[in-house]
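Comments concern the structure below.
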Amino acid sequence: MQHTNTEMNMEACITCENKNCLIKKNSTNPLMEKFLAERHTVKCKKSQQFILEGAPVHGLFFVKKGQIKVVKTGIYGREQILRFAHDGEIIGHRGFGTRKQYPIGALAINETILCNFTNDVLQKMLHEVPDLTFDLMLFYSEELNRSETKVRKFAQMTVREKVIDAFLYIYRKFGQTEEGFFNIQLPRKDYADFAGTTEEQVIRTISSLKKENLLKSKGKKLGIVDTNLLKKEISEHNYFLDS
DNA sequence: GCATTAATTGGTC
DNA sequence: GACCAATTAATGC
């Protein structure tokens, strides 16, 4: 039996392993059928930027496989990393809706495969598939929550706490290998841009945490020795639950 | 091995 | 606690 391209395209979502992907989750819904065929696959090479800050919105991206960082350029070109994302997560959702331009940039940390739905397709999809719309609404709500806790963290935490918090975030999101190192490799600068401090402060925090046996490193690899011990360091803030 | 980039350390404001 | 400069380590070619 011969498959058409559209059939194969729809199949891609059904067989996709990203259970947490909103599209995947709703892919068995009959209402979704015609839209799944409209999915586009985008491949990114290491450190390739696929969303340019200020560029016209071209729909929503879902990470099929890979690691992404979402950035926003602040004043004087100072970069802020808003979040990291990997398999199954949504990118570019803040550009969706009435916005004409993306308020953020996004780039692949390493080789990445993305799924893209254009604005038109997405709008129709959301109008016609209530379950999907509901899921997306929940997602936006969580995002808002995370965003608010992040503001509090930035305002109330010390540099040391913010850096620790960043490590715990990376741990939660990417996990560690059996040897106890993060499943992602980031330069010091990225931790700084994410935690809202400078590269030097991150380096200094890392070396003192290593002395205290809370962190370990081997070559370029970084890892947490005991997450509970590290959580204790920021426990007064009680914010480590999300964001 | 050389050249470029990243990490580290010390110092100033 | 940020910014700058100097040194050293790591990595690409």
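Per chain, numbering begins at 1; letters A, B, ... match sequence-line order. Just so you know, these numbers come straight off a predicted model, no measurement behind them. Side chains included, hydrogens not; waters and symmetry mates left out as well; all remaining heavy atoms used.
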Round to the nearest Å and state the distance from A:Ile206 atom CD1 to C:dA9 atom P. 17 Å
Side-chain N,O (A:Thr197) to OP1/OP2 (C:dA2) below 4.0 Å: yes
Using a strict cut-off of less than 4.0 Å between a Lys/Arg side-chain nitrogen and an Asp/Glu carboxylate oxygen, indicate whether A:Arg160 and A:Glu212 qualify as a salt bridge. yes
For A:Phe182, is the NZ or CZ atom of A:Lys221 found under 6.0 angstrom from the centre of its six-membered ring and inside 45 degrees of the ring axis? no
Give the rounded distance in Å between these two atoms: CD of A:Glu199 and C1' of C:dT8. 14 Å
Is it the case that the base of C:dC4 and the side chain of A:Glu200 share a donor-acceptor contact (distance under 3.5 Å, atom types as modelled)? yes
Can you tell me if A:Tyr191 uses its side chain to pair, donor with acceptor, with the backbone of A:Ile203 under 3.5 Å? no
For A:Gln185 and B:dT5, what is the distance between atoms CD and P respectively, to the nearest whole Å? 19 Å
Can you tell me the distance, in whole Å, between the CG atom of A:Asp193 and the C1' atom of C:dC3? 15 Å
Specify the separation, in whole Å, of atom NZ of A:Lys218 and atom P of B:dA7. 19 Å
From CG of A:Asp190 across to P of B:dA7 the rounded distance in Å is 9 Å
Which whole-number value in Å describes the distance from A:Tyr191 OH to B:dT8 C1'? 17 Å
Kindly say if A:Arg188 contacts the phosphate of B:dT8, meaning a side-chain N or O under 4.0 Å from OP1 or OP2. yes
Listed nucleotide nearest any side-chain atom of A:Val159, set C:dG1, C:dC3, B:dA7: C:dG1
Between C:dG1, B:dT8, B:dG10, which one does the side chain of A:Gln201 approach most closely? C:dG1
Test ring-ring contact (aromatic ring centres under 6.0 Å, His included) applied to A:Phe84 - qualifying residues, sequence neighbours left out: A:Phe194
Over how many whole Å does the gap from A:Ile203 atom CD1 to C:dA9 atom C1' extend? 12 Å
I'd like to know if A:Arg204 reaches the base of C:dG1 with its side chain such that a donor and an acceptor end up less than 3.5 angstrom apart. no
By side chain to side chain contact (heavy atoms under 4.5 Å, CB included) - contacts of A:Leu136 (at least two apart): A:Leu22, A:Ile90, A:Leu126, A:Phe139, A:Tyr140
